[in-house]
Amino acid sequence: ALHDAYTLFVQQNVYTHNTTPTSRDIVEGSLAARVMSVPEHAAVRAAFHVAMGRPVEARAVAATALKADPASPVPDDIEGMLHDYEQNSQAAMASFQKAVAAGSTSYWSHYRLASLRLNTGAEGAQMAEVDVLLERASSLEPLFAPAHAQMATTRINRGQIEPAITSARRAVALDAGNLSYRSLLVRVLTRATQTEEALKVAREALAMARTPADRAAFEALIEAAQR
């Protein structure tokens, strides 16, 4: 039975991942260490269980966090992740909202709440709230490129050209190999009539493209920037 379970684990589909740049100059002895609180520890454990598709174990961890500190936002952080995993968008939004309102320090809760609100058609004043959530997510985890990319998209849609360019550049700097971020930066620069930089970014991305669809997309962006 153990052999079968192990075989199933190693043959399962590859999970998506993000690349986070780190400094090569980090010295282990210079890093500060502290004991994590029960809720903090629970948040890390629960995130692992959710990623591994173990909702029962994740909810057990959430219960541990709630017992240790009833005022902690961590149980709602965990519930939000679980509802997200279960594709229950409304319940996920409600849990993430409770967590954020309670002072969550999870960049993921802020980022996912912003994304879910966008998916349900946020507009007007809600878009300003989405921007605040994304700002908070990026301040909690400055190296999380998706938050910067999403900020660029929301800001360009609100007519905030220069902030959108700054966010798009940051996303590309953090994940230089992501062609969707480069595409976003080209579109934002083109809208701002910064043609020279738009063409430079687009041509670099075209050289990186590996599929006919990607090459065609950047050729179209180059053509649009030259108009």
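Side chains are part of it too, since the values below use all heavy atoms of this structure and drop only hydrogens, waters and symmetry mates.
Here the side chain of Ser183 pairs no donor or acceptor atom with the backbone of Leu179 at under 3.5 angstrom. Formation of a donor-acceptor pair under 3.5 Å by the Ser109 side chain with backbone atoms of Thr105 is not found in this model. The closest donor-acceptor contact from the side chain of Asp84 to the backbone of Gly80 lies at 3.5 Å or more, if one exists at all. Judged by distance alone, with hydrogens and angles left aside, the side-chain atoms of Glu86 form no donor-acceptor pair with the main-chain N or O of Asn88 at under 3.5 Å. Side-chain atoms of Ser115 never come within 3.5 Å of backbone atoms of Arg112 as a donor-acceptor pair (strictly under, hydrogens ignored). Distance alone, capped at 3.5 Å, is enough to place a donor-acceptor pair between the His148 side chain and the Pro142 backbone.
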Below 3.5 Å, can you tabulate the donor-acceptor pairs from side chains in residues 212-227 to any protein atom, sequence neighbours excluded?
from   : atom 1 : to     : atom 2 : distance (Å)
Asp214 : OD2    : Thr211 : OG1    : 3.2
Arg215 : NH1    : Arg210 : O      : 3.4

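For the atom pair OG (Ser167) and CD (Gln160), the distance works out to 9.5 Å, reported to the nearest 0.5 Å.
There is no side-chain donor-acceptor pair under 3.5 Å between Gln150 and Arg155. Side chains of Asp76 and Ser95: a donor-acceptor N/O pair is absent below 3.5 angstrom, by distance only.
By the criterion of side-chain heavy atoms lying less than 4.5 angstrom apart, applied directly or through intervening Ile, Leu, Val, Met, Phe, Trp or Tyr residues, Ile78 is grouped together with Trp108 in one hydrophobic cluster. Under a hydrophobic clustering in which Ile, Leu, Val, Met, Phe, Trp and Tyr are joined whenever their side-chain heavy atoms come within less than 4.5 Å, directly or via other members, Val50 and Tyr107 fall into the same cluster.
Here the side chains of Glu129 and Arg117 are in contact, with some heavy-atom distance below 4.5 Å.
The only option from Leu199, Val201, Val186, Leu189 that meets the side-chain contact (heavy atoms from CB on, under 4.5 Å) definition with Gln194 turns out to be Leu189.
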